[in-house]
**Q** 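For reference, the structure I am asking about is given below.
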Amino acid sequence: MENKVDYQRKPAQSPMETERTRNRKVYIPKADIIETGNAIVLYADMPGADEKSVDVTLEKNVLTITGAVKPQEQVGRSMFYAEYDVGDYERAFTISDEVDRNRIEAVVKNGVLKLTLYKAPQAEVRKITVRTE
Amino acid sequence: MFRPVLWRFGGAVDPLREMQRLRQEMNQVFSGLDHPLNEEFPPVNAWLGEGDIIITAELPGVDPGKVDISVVGDTLTISGSRETEPLKEGESYHRQERGHGRFTRSLQLPFHVEAGKVEAKYDRGILRMTLPRAEADKPRKISVKSE
């Protein structure tokens, strides 16, 4: 019994529990996650962030995405009406072991991060045909 | 349709708006949702200058060529659509939180705008519009003469 493998996946420890050095608001970006035949594709809305300010890290099975946003000062004008606040983005996901750690693509376009996590070859979907006898 | 009037929120807190916000937040608590459902899209910020107003809107993932901005008098209308790629055979959503589809938003500005001189820029998912005040709408200084 001591060789029993623990298949139960543990929830990810949120990195939000630690305090940040930069005194700025942090937002959780809205995300879409799509599973395709050979990859997991993640889209995250991060308006104000670009390819230089977005960081994606994968440590063990925790995928963390962060994006820094510089607040824009409008010279000679005063804030008059506000519906959204500017801050950094941070979000972490627990991902399964089937992702190929060496094949992760990240693209930022128009404030949206697109992350493609390819599945390891052995984890790709194999369709099994069911026959009747 | 509810149309926010920008100048009302210039200085003091608008009680009606605050009531609406409170109601939304209460509904959110009881519905167990993370995000409000009746959120206006896109959210906007406004900066007021001497002779113009700057409006910024968070519009991530939108093709800038497909955003329509129109100005009539003191009303600014932003419309467009946010598209997601349709799912192909064998694909499925694990989660879908980002909104998609057509959106339209009208805002009443504190003054009439020179429609021909409106500038709009789209960068990193943020739409930034500079709307100059119409010449005819500018306050005129009247000098007092003594006789």
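For clarity, every value in this text was computed on a predicted model and none was experimentally measured. Chain letters run A, B, ... following the sequence lines, proteins first and then strands; every chain starts at 1.
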**Q** Quick one: what part of A:Ala82 sits under 4.5 Å from any heavy atom of chain B, side chain, backbone, both or neither?
**A** both

**Q** Relative to chain A, which segment of B:Leu48 carries a heavy atom at a distance below 4.5 Å: side chain, backbone, both, or neither?
**A** both

**Q** Taking atom types as modelled, is there a side-chain donor on B:Gln108 or B:Asp74 under 3.5 Å from an acceptor on the other?
**A**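 Their side chains do contain a donor-acceptor pair, which is all the 3.5 Å distance test asks for.
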
**Q** Between A:Glu35 and A:Lys119, is the closest basic N to carboxylate O distance under 4.0 Å?
**A** yes

**Q** Taking salt bridge (charged side-chain N to carboxylate O under 4.0 Å, His left out) as the definition, give me every residue that meets it alongside B:Arg95, ordered by chain and number, with sequence neighbours left out.
**A**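 For B:Arg95 the salt bridge (charged side-chain N to carboxylate O under 4.0 Å, His left out) partners, ignoring immediate neighbours, are B:Glu97.
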
**Q** Whether the B:Ser106 and B:Thr77 side chains hold a donor-acceptor pair (N or O, under 3.5 Å, no angle test) is what I'd like checked.
**A** yes

**Q** Based on non-hydrogen pairs under 4.5 Å, which of B:Thr56, B:Asp123, B:Asp63 is most in contact with chain A?
**A** B:Thr56

**Q** Among B:Pro42, B:Ser92, B:Gly99, B:Gly49, which has the most heavy-atom pairs under 4.5 Å with chain A?
**A** B:Ser92

